[in-house]
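Each remark here refers to the structure printed beneath this line.
This is a predicted model, so every value here is computed, not measured. Position 1 is the first residue of the sequence, and the numbers go up from there.
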Amino acid sequence: MARKIWMFDTTLRDGEQVPGAKLNLYEKLEVAQQLKKLQVDIIEAGFPSSSVGDFNAVKEIAMKVGNTDDIIITALARAVEADIDAVFNSIKYAKKPLIHIVLGSSDIHVDKKFGKSKSQILDIGVDAVKYAKRFLPDVQYSLEDATRSEFEYLWATIEAVVKAGATIINVPDTVGYAEPDEYGELIFKINDRLKNLNDKVLLSVHCHNDLGMATANTLAAIKNGADKVECTINGIGERAGNAALEEVVMAIKTRSSVYNAFTNINTKEIIKTSRLVSSLMGLDVQVNKAITGDNAFAHSSGIHQDGLLKARDVYEIMSPTEVGLEDMELVLTARSGRHAVKNALEKLGFNEMTDKQFEEIFEAFLELADVKKEIYNHDLYIIVENYYAKNDINSNFKHYSDNFYELMDLQVISNTSFPSAIVKIKKGGQILKSSAVGSGPIDALYSAITEICDLDIKLNEYKISSVSRGKEAFGKVRIQVEYRGEKYVAKATDTDILKASAIAFISALNSIVVDSLLSVK
């Protein structure tokens, strides 16, 4: 029978330890509310003794997110009474509060960090648990740096704190030192003894990613008896980060026969949660990251696209809809094969070409792809239109390019009082001009373009990243816009990020135009 794995999210505590990722109270509350929609079992809301602000944020989350029985709210305390007091006084407003205590157990921590004997540290841990039990029945005890600890001392500490009342034992790989086989063996040994000592105590793990094995170690622990796992959204956290919640969850779901386990996570909320955390914390997700990276479900290789068009499971082990995306993305580039390009053209209604015509259009596609890198549907319309005009084919063909927008020029002024933009855009034979002011240069630029197209477009996402180095570095802009409930993604690259921003927005605008053309065909 499959076991339930408890999902403990520490994005708001360990994840927030990333330099520059500090959230204010309202942002923490927004993330916590989304984590509740994601259906994590436990939210670690912060480290209340660290500051008044963090105490208040944990308190707000306990009151407004932890006000139902379907989620546990916890916060971190060192093994000192003042910390435990701070945790209790901030989380006591939750319906299901949990006190989380951490104390080192490795020789390195005992000797170099605390300068005490092992027996002294053990006694401090026991006293902390007993003190916490005065307030709440549920107490988690974490043995910091457990994977570099001497095993019999580690076990002696676990046994002592369980007898003192700890209800969850957490075995962290604090510095990402472990590897899956040895970590799995450690968890197996602890689980075997713990279940004989008290089978009601949950065994938990918390893995860091210093050697890139946090997710692998977490999954190895699950196979060897761990009941609960601690993760963060997008794998953020101290140094190289933590095990990524979305990777652990989807591995369990996709390979359920291997792990014989399940979680309560609503996987359709994964992408939304990932993007919220990334946006609020200002931490970009690497494009090729598993599950939540921009390219995780994107395919540009001709071989892959050909296989996917024949059968999804040729190169797809899970559906993008499972994690909250609309579908896989077949990106048309110079690496795309004939099958993908032909499929895209047929979707646009160009399904009566001869083989010779298609081959010549495909050559034109490759020429443009070498210049533009990524080809959009409106580019395909223009390629076909130019080919028909050049070869005097299909005189009844409509000039769809008359509906598309092309950037001719722009001027953007950025200052603290009056950011403004002027744009000149071509549509068919018309040259359209507009100017606008905004809260910043991008807002002004997009307002000016929106005024020209006169469409109610909502900007959902805007990202800038560098794709090269030096003074002449290329900036890559990726945006997501929404129009009438449909979402459109577009990208552009240029040494001028304002120009790239405009081109990306106009590409998204042209994708909207394509959909409107298809709807009236």
Side-chain angles (χ1 to χ4, degrees), residues 20 278-279 282-288 294-295 298 300 331-334 367-380 382-383 401 404-428 430-455 457-483 488-514:
S278 173
S279 173
L283 301 173
D284 288 341
V285 179
Q286 67 188 65
V287 294
N288 63 326
D294 286 345
N295 292 347
S300 65
V331 182
L332 295 180
T333 71
E367 286 180 23
L368 184 60
D370 278 333
V371 176
K372 279 199 70 176
K373 296 187 179 180
E374 290 187 21
I375 299 297
Y376 294 93
N377 283 337
H378 65 274
D379 294 314
L380 294 177
I382 293 169
I383 290 170
S401 62
F404 299 137
Y405 298 87
E406 180 185 353
L407 179 69
M408 302 300 291
D409 199 7
L410 80 163
Q411 182 182 50
V412 180
I413 298 172
S414 177
N415 55 41
T416 56
S417 57
F418 203 69
S420 60
I422 301 171
V423 293
K424 183 163 71 172
I425 291 175
K426 181 180 178 183
K427 183 185 180 186
Q430 306 175 71
I431 300 295
L432 307 171
K433 296 179 181 179
S434 178
S435 62
V437 296
S439 58
I442 299 301
D443 183 43
L445 175 62
Y446 284 179
S447 295
I449 297 172
T450 302
E451 187 174 293
I452 285 176
C453 69
D454 195 27
L455 296 175
I457 300 173
K458 177 185 176 185
L459 179 66
N460 288 340
E461 281 184 34
Y462 175 85
K463 290 183 182 178
I464 299 178
S465 57
S466 175
V467 293
S468 59
R469 297 181 179 182
K471 291 189 299 180
E472 300 300 316
F474 278 87
K476 180 177 181 180
V477 174
R478 180 188 187 276
I479 66 168
Q480 184 196 80
V481 302
E482 188 172 338
Y483 176 70
Y488 300 85
V489 173
K491 305 166 194 169
T493 303
D494 199 275
T495 52
D496 182 343
I497 60 169
L498 291 170
K499 182 180 177 184
S501 299
I503 292 170
F505 195 85
I506 289 172
S507 291
L509 174 59
N510 283 332
S511 294
I512 294 170
V513 173
V514 168

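- Here the shortest heavy-atom pairing between Ala508 and Ala490 reads N-CB, 3.7 Å.
- Across all their heavy atoms, Lys424 and Ile431 have their closest contact at CG-CG2, 3.4 Å.
- Atom-to-atom distance recorded for Ile375:CD1 and Leu368:CG is 3.5 Å, nearest 0.5 angstrom.
- The salt bridge (charged side-chain N to carboxylate O under 4.0 Å, His left out) check on Lys463 picks up nothing, with sequence neighbours excluded.
- Here the shortest heavy-atom pairing between Ala500 and Gly475 reads CB-O, 4.1 Å.
- Checking Ile449, Ile512, Thr450 one by one against Leu455, the side chain to side chain contact (heavy atoms under 4.5 Å, CB included) holds for a single residue, Ile512.
- With sequence neighbours excluded, the residues satisfying side chain to side chain contact (heavy atoms under 4.5 Å, CB included) with Ser434 are Val423, Ala448, Glu451, Ile452.
- Residues satisfying the salt bridge (charged side-chain N to carboxylate O under 4.0 Å, His left out) criterion with Glu461, sequence neighbours excluded, are Arg275, Arg478.
- Every pair tested for salt bridge (charged side-chain N to carboxylate O under 4.0 Å, His left out) that includes a residue from residues 430-446 fails, sequence neighbours excluded, so the list is empty.
- Listed by first then second residue, pairs satisfying side chain to side chain donor-acceptor pair (under 3.5 Å) with a partner in residues 406-417 number zero, not counting sequence neighbours.
- Using a 4.5 Å cut-off on side-chain heavy atoms (C-beta onward), Tyr405 and Val513 make contact.
- With sequence neighbours excluded, no residue forms a side chain to side chain donor-acceptor pair (under 3.5 Å) with Tyr376.
- If you take CD1 on Ile497 and CD1 on Ile442, they are separated by 6.0 Å, rounding to the nearest 0.5 Å.
- Nearest heavy-atom pair, Asp284 versus Ser278, reported as atom, atom and distance to 0.1 Å: CA-OG, 3.9 Å.
- Scanning for side chain to side chain donor-acceptor pair (under 3.5 Å) contacts around Asp454 gives an empty result, with sequence neighbours left out.
- The structure places CZ of Phe505 at 6.0 Å from SG of Cys453, a figure rounded to the nearest 0.5 Å.
- With sequence neighbours left out, Leu283 forms a side chain to side chain contact (heavy atoms under 4.5 Å, CB included) with Val18, Ala21, Ile236, Met281.
- Taking all atoms of both residues into account, the shortest heavy-atom contact from Ile425 to Met408 is C-CG, 4.0 Å.
- The structure places CG of Asn510 at 8.0 Å from CG of Asp379, a figure rounded to the nearest 0.5 Å.
- Taking CD1 of Ile506 as the reference point, atom NZ of Lys427 lies at 12.5 Å (rounded to 0.5 Å).
- By the side chain to side chain contact (heavy atoms under 4.5 Å, CB included) test, Ala421 is found to be paired with Val412, Ala444, Leu445, residues two or more places apart in sequence or in another chain being considered.
- When the ring-ring contact (aromatic ring centres under 6.0 Å, His included) test is applied to Phe404, the partners found at least two apart in sequence or on another chain are His378, Tyr381.
- In terms of the side chain to side chain donor-acceptor pair (under 3.5 Å) criterion, Asn377 has no residue partners (sequence neighbours excluded).
- Under the side chain to side chain contact (heavy atoms under 4.5 Å, CB included) criterion, Leu459 pairs with Tyr446, Tyr462, Ile479, Val481, sequence neighbours left out.
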